[in-house]
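Report on one structure; see the data block that follows.
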Amino acid sequence: MLLPAKAEVARHLRQYRAWERAMLASPDDRRVRATFEDSGYTLCVLMGKRCAREAADAAERYLRTNLVTYLREQSSGRPHVGVVTRRVGRRTGAKDRHSPAGA
């Protein structure tokens with residue numbers, strides 16, 4: 001797993017938190033909200049998470065721990081974005097297939 005430099009994560013986490021405070025201070029300002037959402041998206045991409053809150057939490061854990069501990073924590077959790085899981089079950093043959101029209 002390729003992880004970003006801790007300095008980059010720290011910088012983006014600081015920006016995310018600053019825009020979060022600005023957005024909470026003036027929630028009707030569309031420019032502030034858009035910039036906050038952009039900073040959250042950047043953090044999601046950096047940390048490989050789907051949600052900005054999860055990405056911020058992951059960034060804080062990453063900055064708090066060493067690389068080995070962080071990777072161990074990540075591997076014990078849910079599958080990451082992009083992980084393909086294979087379904088195990090009965091495969092249907094051609095005789096079991098039906099057309100969408102119900103024929």
Side-chain angles (χ1 to χ4, degrees):
M1 173 184 223
L2 185 61
L3 291 171
K6 285 193 173 193
E8 284 297 306
V9 173
R11 184 171 66 87
H12 286 287
L13 182 60
R14 277 192 310 273
Q15 287 177 348
Y16 173 78
R17 294 296 186 205
W19 283 111
E20 180 181 42
R21 287 189 300 275
M23 196 271 305
L24 290 172
S26 44
D28 295 332
D29 188 337
R30 290 182 184 200
R31 184 188 61 81
V32 170
R33 180 174 288 275
T35 308
F36 168 65
E37 290 174 357
D38 287 346
S39 68
Y41 176 77
T42 301
L43 207 53
C44 287
V45 171
L46 276 175
M47 300 310 299
K49 301 293 181 183
R50 291 184 180 191
C51 167
R53 186 169 300 230
E54 288 177 9
D57 291 342
E60 289 172 350
R61 278 193 312 276
Y62 178 57
L63 294 172
R64 220 179 20 242
T65 63
N66 63 27
L67 182 60
V68 174
T69 304
Y70 178 77
L71 291 174
R72 190 175 298 131
E73 286 176 0
Q74 293 302 307
S75 66
S76 66
R78 297 184 337 205
H80 298 299
V81 176
V83 173
V84 177
T85 57
R86 183 174 178 194
R87 289 187 176 180
V88 178
R90 183 173 79 83
R91 293 187 70 134
T92 60
K95 64 181 180 184
D96 294 337
R97 292 188 191 134
H98 299 286
S99 72

May I have the list of side-chain donor-acceptor pairs in residues 3-14 shorter than 3.5 Å, sequence neighbours left out?
residue: Lys6; atom: NZ; partner: Tyr62; partner atom: O; Å: 3.1
residue: Lys6; atom: NZ; partner: Thr65; partner atom: O; Å: 2.5
residue: Glu8; atom: OE1; partner: Arg11; partner atom: NH2; Å: 2.8

*Rounded to the nearest 0.5 Å, what's the gap from CZ on Phe36 to CG on Asp29? Could you check?*
13.5 Å
*Tell me, which pairs form a side-chain hydrogen bond (donor to acceptor under 3.5 Å, both in side chains) where one or both residues lie in residues 31-45, sequence neighbours left out?*
none
*Provide the closest heavy-atom pair for Ala52 versus Cys44 in the form atom of the first, atom of the second, distance.*
N-SG, 3.4 Å
_How close do Ala58 and Lys49 get, counting heavy atoms only, and between which atoms?_
CB-CE, 3.8 Å
*Using salt bridge (Lys or Arg N to Asp or Glu O under 4.0 Å) as the criterion, list what pairs up with Arg21, not counting sequence neighbours.*
none
*What residues form a salt bridge (Lys or Arg N to Asp or Glu O under 4.0 Å) with Glu60, not counting sequence neighbours?*
Arg17
_Partners meeting side chain to side chain contact (heavy atoms under 4.5 Å, CB included) with Ala22 (sequence neighbours left out)_ = Trp19, Val32
*asked:* Using a 6.0 Å cut-off, check whether atom CZ of Arg53 has over 12 heavy atoms from anything other than its own residue.
replied: no
